[in-house]
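A note on names: the letters A, B, ... follow the listed sequences, proteins ahead of strands, and every chain is numbered from 1.
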2 protein chains.
Amino acid sequence: MRLVVARCSVDYVGRLTAHLDPAVRLLMVKADGSVLVHADGGSYKPLNWMSPPCRLVESDERWTVENKAGERLVITLDEVLHDSTHDLGADPGLVKDGVEAHLQALLAEHVGTLGDGWTLVRREFPTPIGPVDLMCRDGGPEIVLDAPGDGPGELRADGAVVVAPAPVRSGYVAVEVKRRATIDAVEQLTRYLDYLNRDPLLAPVSGVLAAQSIAPQARTLAQTRGIRCVVLDYESLRGIEVDGTLF
Amino acid sequence: MRLVVARCSVDYVGRLTAHLDPAVRLLMVKADGSVLVHADGGSYKPLNWMSPPCRLVESDERWTVENKAGERLVITLDEVLHDSTHDLGADPGLVKDGVEAHLQALLAEHVGTLGDGWTLVRREFPTPIGPVDLMCRDGGPEIVLDAPGDGPGELRADGAVVVAPAPVRSGYVAVEVKRRATIDAVEQLTRYLDYLNRDPLLAPVSGVLAAQSIAPQARTLAQTRGIRCVVLDYESLRGIEVDGTLF
DNA sequence: TTGTTGATTTCGCAA
DNA sequence: TTGCGAAGTCAACAA
């Protein structure tokens, strides 16, 4: 890896046209020939860059980086303040935990958090328009009265009376799992539900949008379509796993 | 900006958990305290990082970078191979051209490219579910016969006969502008059309999806919904602007 | 190769 | 500040 600190101007012509007026910046040249132009602020995104595979041609005071698609990054060097090269070697790579796949796996093992008696039919339930994250069966049509003492029935721990605790038939539920649910997630789940409900062996299939956070517009759209929204707490779900206890 | 090349291991605990085994990497510390960990390959995205605002605490052989949300990046240094600091100053920033806003502005000035006699009603036409990129009126209901000589009418330059060249009422058209149109753009435009067509003062409103490139699946879905697809050429649109000539 | 989806997305704009 | 959509999105994975 080569590190150059220089006063420079930069021009990119490719998918768009972009220009940087002269200033002091860090130019990072990686082993694969890719180039990053960083300022002393902002986020991890460079001001300008060229991704590999690409080719760097270095003339007197001008670097030209070009890729196969003909996109071109031209760096004009006014003054070089630092120039050093370092041998880094290959990187063992990053090990991650806690992404959406994990969230789905955790929820799959604890579909009971979505409702009493819910069971998992399968993860990645296949359809021609894509896999449904989780296909579940709910606990069946319970009729819950507001207060006990209105008649026969089973008194639950939370004080509600369950009149029909043993349902005739439990219903299918398609669950869409997201870290952050947007309107797109509602559209996607809607397409799944449209498809699934054309199958008389499955219909009626209801929908649940389960996410760590749900955009207000997504929540609104879901409501108009009868889709239930559930906010997940990753730490709680993981806590269930660790402790082996519910709630 | 401080540049450190060092053999190090990295742990991030925050929105997820991530770990990097010991290897030689570049550590970039920006003026705002943000830290980037780069390998000698991959894309412009660092292996690991902490975005500003955050605070770097440097002890003997351990850097701890923490932000307000309690996310933490811990870098353990085994061996420092390079350490230099540079004063870059503020950056004048990037100037871009060719993004969607530009495309929309160009098309707004030349809605005639969508059809003869088309006029712009307004850009960013407001609806409760979001702004429609361009609201237009078309040239009215022309009835075009396949061949001349079938009756009275105006003979057009292209050989077609226009029976009703002066329309009684031109129709509204909602135009969705994208650089690259996907199925999402069709869904979005469909929502707008559903809403707009509930207004008797506007209905019937037709739809146009205008983009520099249109995904095949988006084109197919648009067709089934009666939405017209138009491929835009940025250079041509800009050329119109520069030259002042159509086509 | 192409398409689809997720991302510690980041970034910019507007309410 | 928050929310939402675009991005030279990038990148991983499946068809």
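- Remark: the backbone N or O of B:Pro131 is paired with a side-chain donor or acceptor of B:Tyr192 at under 3.5 angstrom.
- Rounded to whole angstrom, the span from the NZ atom of A:Lys96 across to the P atom of C:dA7 amounts to 8 Å.
- Look at A:Thr182 and you won't find any side-chain N or O under 4.0 angstrom from OP1 or OP2 of D:dC4.
- If you measure from atom CG of A:Leu221 to atom C1' of D:dG3, you get 16 Å, rounded to the nearest angstrom.
- Distance, B:Glu187 CD to D:dG5 P: 14 Å, rounded to whole Å.
- Remark: A:Glu109 does not engage A:Arg123 in a salt bridge, criterion side-chain N to carboxylate O under 4.0 Å.
- Of the listed nucleotides (D:dT9, C:dT10, C:dT5), C:dT5 has the atom at the smallest distance from the side chain of A:Gln188.
- A:Glu71 comes within contact range of at least one nucleobase, with a heavy-atom separation under 4.0 Å.
- Of all nucleotides listed (D:dG5, C:dC11, D:dG8), D:dG8 comes nearest to the side chain of A:Leu16.
- As a whole-Å value, the separation of B:Asp133 CG from D:dC4 P is 18 Å.
- Both A:Tyr12 and B:Gly42 lie close to DNA chain D; mapped to their nearest nucleotides by heavy-atom distance, the more 5′-ward contact belongs to A:Tyr12.
- Relative to the six-membered ring of A:Tyr172, A:Arg137 meets both conditions, a distance below 6.0 Å and an angle of at most 45° to the axis.
- As rounded to whole Å, 17 Å separates atom P of C:dT5 from atom CZ of A:Arg180.
- Electrostatic pairing of A:Glu66 and A:Arg55 does not count as a salt bridge here, judged by no charged N lying under 4.0 Å from a carboxylate O.
- Going from atom CD1 of A:Ile183 over to atom C1' of D:dA6 covers 16 Å, rounded to whole Å.
- Ranked by how close their nearest DNA chain C nucleotide is to the 5' end, B:Ala215 and B:Met50 are led by B:Ala215.
- For the pair B:Asp97 and B:Val95, the minimum side-chain heavy-atom distance is 4.5 Å or more.
- Residue B:Trp49 places at least one side-chain N or O closer than 4.0 Å to OP1 or OP2 of C:dT10.
- Taking the nucleotide of DNA chain C with the nearest heavy atom to each of A:Lys178 and A:Tyr44, the more 5' of the two is matched to A:Lys178.
- Nearest-nucleotide positions on DNA chain D for B:Lys45 and B:Leu94 put B:Leu94 closer to the 5' end.
- Contact check, A:Arg15 against D:dT9: a side-chain N or O comes under 4.0 Å of OP1 or OP2.
- Spacing between atom CD of A:Gln217 and atom P of D:dT2 amounts to 17 Å, rounded to whole angstrom units.
- Counting to the nearest Å, the P atom of C:dC11 and the CG atom of B:Asp32 are 11 Å from each other.
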